[in-house]
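Below is one structure; the comments refer to it alone.
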Amino acid sequence: MPFIELVLAQNADTLARCLRVREEVFTIEKGVPKEIEVDALDCLNGACEHFLIRCDGKDAGALRCTYTPKNVARIQRFCVLKKYRGRGLGKTALEQVESYCRSRGCHAVELGAKLSAARFYEKCGYEIVSDTFIEASVTHVKMRKEL
């Protein structure tokens with residue numbers, strides 16, 4: 001079983017590594033234009049927290065979280081590099097970020113999932129709570145999990 005850790009980006013280097021992973025997955029692999037994928041939230045000490053997912057000491061994925069005034073965390077830009085998929089990294093990273101959010105006082109987590117990934121999130125305890133919608137030219141659904 002690989003050692004998976006979630007690292008909170010607290011400096012420019014770790015944030016840059018998160019953005020490199022996202023660029024590889026979203027821009028290079030999935031074809032999402034960089035001007036859509038990277039936005040004003042992609043900074044340190046801003047409205048969200050960035051996390052690097054590491055597998056056996058190597059950068060393997062990334063995600064970011066925003067928080068509502070009603071103590072709901074919103075996971076965004078969750079991705080795992082292609083060579084690390086199918087090893088349980090996504091599920092473990094979700095469990096770790098949910099635990100982190102719970103420690104911050106959050107009672108639920110929401111995310112916008114590609115429709116093709118909804119089954120993965122359902123297996124992790126998330127429920128679809130919206131109709132489909134289009135984001136970055138891809139069909140999504142809003143999903144939620146009570147913590």
Side-chain angles (χ1 to χ4, degrees), residues 1-34 36-39 41-44 46-68 71-130 132-133 135-147:
M1 184 79 168
F3 176 68
I4 300 163
E5 64 180 326
L6 195 66
V7 179
L8 176 62
Q10 297 180 315
N11 58 53
D13 176 64
T14 307
L15 176 62
R17 290 163 54 200
C18 291
L19 295 174
R20 275 195 299 276
V21 168
R22 286 176 32 196
E23 179 179 28
E24 188 171 330
V25 174
F26 294 120
T27 304
I28 296 169
E29 180 186 338
K30 308 284 184 190
V32 175
K34 192 166 189 169
I36 293 173
E37 204 288 304
V38 177
D39 62 23
L41 294 176
D42 291 321
C43 61
L44 291 173
C48 74
E49 293 179 306
H50 298 266
F51 296 89
L52 185 64
I53 302 165
R54 298 189 37 89
C55 177
D56 293 332
K58 299 191 186 220
D59 298 351
L63 62 98
R64 69 183 192 188
C65 285
T66 61
Y67 304 94
T68 73
N71 293 327
V72 175
R74 290 197 176 122
I75 295 174
Q76 301 174 330
R77 308 297 203 273
F78 179 56
C79 62
V80 173
L81 292 170
K82 196 174 204 172
K83 69 182 179 179
Y84 292 100
R85 293 179 198 151
R87 299 185 194 181
L89 270 74
K91 182 177 188 291
T92 300
L94 276 178
E95 290 168 351
Q96 290 180 10
V97 79
E98 289 163 5
S99 178
Y100 177 83
C101 293
R102 193 178 301 107
S103 76
R104 285 186 49 114
C106 294
H107 64 86
V109 177
E110 295 178 342
L111 53 85
K114 290 188 312 181
L115 190 57
S116 62
R119 184 71 190 118
F120 162 76
Y121 291 108
E122 286 176 324
K123 288 179 183 176
C124 294
Y126 288 76
E127 295 180 44
I128 296 173
V129 295
S130 76
T132 59
F133 61 93
E135 185 175 293
S137 302
V138 178
T139 304
H140 286 73
V141 289
K142 183 175 173 184
M143 301 189 78
R144 182 179 173 101
K145 180 177 183 178
E146 299 298 323
L147 297 177

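Any value given below was found using the heavy atoms of this structure, including those in side chains, with hydrogens, waters and symmetry copies removed.
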Contacts under 3.5 angstrom, residues 105-124 side chains, donor-acceptor by atom type, not counting sequence neighbours:
| residue | atom | partner | partner atom | Å |
| --- | --- | --- | --- | --- |
| His107 | NE2 | Lys70 | O | 3.0 |
| Glu110 | OE1 | Arg74 | NE | 3.2 |
| Glu110 | OE2 | Arg144 | NH1 | 2.6 |

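Annotation: side chain of Glu37 is not in contact with side chain of Val25 (no heavy-atom distance under 4.5 Å). With contacts defined as side-chain heavy-atom distances shorter than 4.5 Å, the pair Leu41/Gln76 qualifies. Residues Val32 and Val138 have side chains not in contact (no heavy-atom distance under 4.5 Å, counting atoms from C-beta outward). Residues Phe51 and Gln96 have side chains not in contact (no heavy-atom distance under 4.5 Å, counting atoms from C-beta outward). Side chains of Glu49 and Arg104 form a contact here, defined as non-hydrogen atoms less than 4.5 Å apart. For the pair Leu63/Leu6, a side-chain contact is recorded, criterion being any heavy-atom separation below 4.5 Å from C-beta on. Looking at Phe78 and Val97, their side chains never come closer than 4.5 Å, going by heavy atoms from C-beta outward.
The CD1 atom of Ile53 sits 8.5 Å away from the SG atom of Cys18 when rounded to the nearest 0.5 Å. Remark: Glu23 CD to Ile28 CD1 distance equals 5.0 Å, nearest 0.5 Å. Atoms NZ and CZ, from Lys34 and Phe26 in turn, are 13.5 Å apart once rounded to the nearest 0.5 Å. Atom CG of Leu94 sits about 4.5 Å away from atom OH of Tyr126, to the nearest 0.5 Å.
A salt bridge links Lys91 with Glu95; the closest basic N to acidic carboxylate O contact falls under 4.0 Å. In this structure, Asp42 does not pair ionically with Arg77, as no charged nitrogen and carboxylate oxygen lie closer than 4.0 Å. Ion pairing between a basic and an acidic side chain is recognised when a charged N comes within 4.0 Å of a carboxylate O; Asp56 and Arg87 show no such pairing.
Minimum interatomic distance between Gly61 and Leu52 (heavy atoms only, all atoms of both residues): O-CD1, 3.5 Å. Closest non-hydrogen pair, Leu89 versus Ala60, comes out as CD2-CB, 3.5 Å. For Val21 against Cys79, the heavy-atom pair with the smallest separation is CG1-SG, 3.9 Å. Nearest approach of Gly88 to Ile4, heavy atoms of both residues: O-CD1, 4.1 Å.
Among the candidates Leu81, Leu19, Asp59, the single residue satisfying the side-chain contact (heavy atoms from CB on, under 4.5 Å) test with Glu24 is Leu81.
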Margin query: Set out, in order, the CA-CA distance, both residues' side-chain angles and the distance that settles side-chain contact (heavy atoms from CB on, under 4.5 Å) for His50 and Arg22, then state yes or no.
Written below: CA-CA 11 Å; His50 298 266; Arg22 286 176 32 196; 3.9 Å; yes

